[in-house]
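Residue indices begin at 1 and follow the sequence shown.
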Amino acid sequence: MRAHNLLALDNDPEGTPEPGTTEGHSDEPRVEINLDAFSQTEAKKQKLATILRVLYQNGPLSRPQLAKLTGLSVPTASSLVNALVESGMVEDLGVVAEARVGKPAAKVRINTSGNATIALDLSERDAFTGAILDLEGNVLSKERIELHGAQGAQALAVAVSLATRLQGASSAQLLGVGIAAPGLLDQDGHVRIAVRLGWKDVPLAQSIHEATGLPTYAANDVNLMALGLRRLSKRRLANAILITVDNGVGAAVLLANQTFAGPQFAAGEIGHVMIDPQGPPCACGRRGCLDALANARLLRQRLPQEGAGILETAGRAIGLALAPVMSMLNVTEVVLLGPPDILTARYIDAVRDELAVRLLPSVAAEFHLDTSLDEHQLTLQGATSRVLEGELGVR
């Protein structure tokens, strides 16, 4: 199948194809050209991205409407739209009748199903998952590769292989690659440290970009879950605290539609906040950290010997850690993600009970805890959201 990177417009008078196209896993020749294929100027790329963003956010529009909303002249907007239609990124709907006086206008819309992103979820302990998602966050295809204990350079090679395999199997126009990874990542998608994967100073986004030729964005997995929660999930929250306990305890804060990483890219790293100095030993060398008390993998190991009471202890630890954050930020929406065998009614009730006694009654009355979302789906949607943000400027 033919997989494109955004645009393949060899006949565009203002631009030429990008050199060094990447071969896929198909016998059919592939064209790998991104927005730079239209022109070597950043200004041209920005105009194209602006048109796509306006169509993505506003739905079908006529060329004059696009010109008005983007600040471009009608001839310029029309020329760019025609090129986008030719590429398949935008669909020409023809004349659309409207319930208003005047001549019906020909309209265009972004091709939400024909355009897609590659999303990689590297957060699981034993495997990497990748998927092709359309612009509405729907999974078109998915692949999972077992790690078999791979770390360091071997784990990076698995991630690169997963991305290139998905690229080769896609028939959609690919906007880019979004990567959700554990650990601390900077704004360039460079992994400062990810202990579980044995990564330190790893150029994750750069490595995937070099292998695929696609624009690539990488960020902390939990922060990207929050981004997915804001843009593509069924909740579409603007203010929330998200906590995951599946592969260690991590958190992200979403405020006014923005996630916050912090100057050291460590915002939300609450797993090693000490809750109980007399609690179980933690991997960091101390005792009673939140991760040691509420990590689903560790709880599953302890359940046969210690019984279900440890789930209540875990829930209370989560509530204890949440209360000051909720009070300080006045955020009452909490999304708690983890395996259902751990996030039982006993665990969830303990979170609620602990918050009830620690929050002001007015704050506690507005508290809403959601445990219904699919963690892996949300991660993939967050990775897609990061590509939309980077390539279309969607905020």
Side-chain angles (χ1 to χ4, degrees), residues 123-126 180 182-184 194-196 220-226 229 240-254 266-329 331-359 364 367-376 378-379:
S123 64
E124 292 184 72
R125 183 170 296 272
D126 302 318
L184 305 183
V195 176
R196 177 156 38 88
N220 173 266
D221 52 351
V222 186
N223 283 338
L224 286 186
M225 287 182 206
L229 183 67
I241 298 170
L242 186 147
I243 294 184
T244 177
V245 300
D246 199 352
N247 295 291
V249 180
V253 177
L254 184 62
E269 294 292 326
I270 62 171
H272 297 289
V273 172
M274 185 183 291
I275 302 296
D276 178 9
Q278 307 304 316
C282 182
C284 72
R286 300 187 299 170
R287 301 186 72 89
C289 292
L290 187 59
D291 193 72
L293 291 165
N295 180 326
R297 181 179 58 87
L298 298 179
L299 288 172
R300 197 176 285 118
Q301 294 173 358
R302 293 168 53 198
L303 268 170
Q305 291 78 34
E306 301 180 46
I310 61 171
L311 299 180
E312 183 177 341
T313 300
R316 289 194 174 278
I318 293 290
L320 181 61
L322 267 176
V325 181
M326 292 177 61
S327 295
M328 182 175 291
L329 300 178
V331 174
T332 57
E333 290 278 354
V334 175
V335 175
L336 180 60
L337 303 174
D341 64 311
I342 297 299
L343 292 187
T344 62
R346 189 165 188 173
Y347 190 121
I348 294 167
D349 288 346
V351 175
R352 290 195 174 98
D353 291 346
E354 192 68 22
L355 287 172
V357 299
R358 293 186 177 276
L359 295 173
F367 168 64
H368 180 266
L369 179 64
D370 189 345
T371 62
S372 68
L373 298 179
D374 184 316
E375 179 174 355
H376 300 299
L378 195 60
T379 304

Any Val351 side-chain heavy atom under 4.5 Å of Leu355 side chain: yes
Check: Arg287 side chain, Gly279 main-chain N or O, donor-acceptor pair, under 3.5 Å: yes
From Arg352 atom CZ to His368 atom NE2, the distance as rounded to the nearest 0.5 Å: 8.0 Å
Interatomic spacing from CD1 in Ile342 to CD1 in Ile310 - rounded to 0.5 Å: 7.0 Å
Spacing of Asp246 atom CG and Glu124 atom CD [to the nearest 0.5 Å]: 7.5 Å
Candidates Leu373, Val335, Leu378 - the one meeting side-chain contact (heavy atoms from CB on, under 4.5 Å) with Met225: Leu378
Sidechain-backbone polar pair: Arg358 side chain, Ala321 backbone, donor-acceptor under 3.5 Å: no
Test log, rule side-chain contact (heavy atoms from CB on, under 4.5 Å), inputs Leu184 and Asn220: CA-CA 6 Å; Leu184 305 183; Asn220 173 266; 5.8 Å; no
Non-hydrogen atoms of Ala292 and Pro281 that approach each other most closely: CB-O, 3.7 Å
Given Leu369, Asp370, Leu322, the one that forms side-chain contact (heavy atoms from CB on, under 4.5 Å) with Leu336: Leu369
Evaluation steps, side-chain contact (heavy atoms from CB on, under 4.5 Å), between Val222 and Leu242: CA-CA 8 Å; Val222 186; Leu242 186 147; 3.4 Å; yes
Which atom of Pro182 lies closest to which atom of Arg196, heavy atoms considered: CB-NH2, 3.6 Å
Polar side-chain atom of Asn295 near backbone of Val249 as donor-acceptor pair, under 3.5 Å: no
Shortest non-hydrogen separation from Leu343 to Leu337 and the atoms involved: CD1-C, 3.7 Å
Rounded distance [0.5 Å steps], OG1 in Thr332 versus CG in Leu359: 9.5 Å
Where Cys284 and Cys289 come nearest, the two heavy atoms and their spacing: SG-SG, 3.7 Å
Side-chain heavy atoms of Leu224 within contact of Thr379, under 4.5 Å: no
Gly288 versus Leu293, closest heavy-atom pair with distance: O-CD1, 3.6 Å
Any side-chain heavy-atom pair of Thr244 and Asp221 under 4.5 Å: no
Minimum-distance pair of heavy atoms, taken over all atoms of Glu354 and Leu320: CG-N, 3.6 Å
Approximate separation, where rounding is to 0.5 Å, of Leu303 CG and Leu311 CG: 5.0 Å
Pairwise distance CD(Glu306) to OG1(Thr313) - rounded to 0.5 angstrom: 9.0 Å
Side-chain (Arg300) to main-chain (Asp341) donor-acceptor, under 3.5 angstrom: no
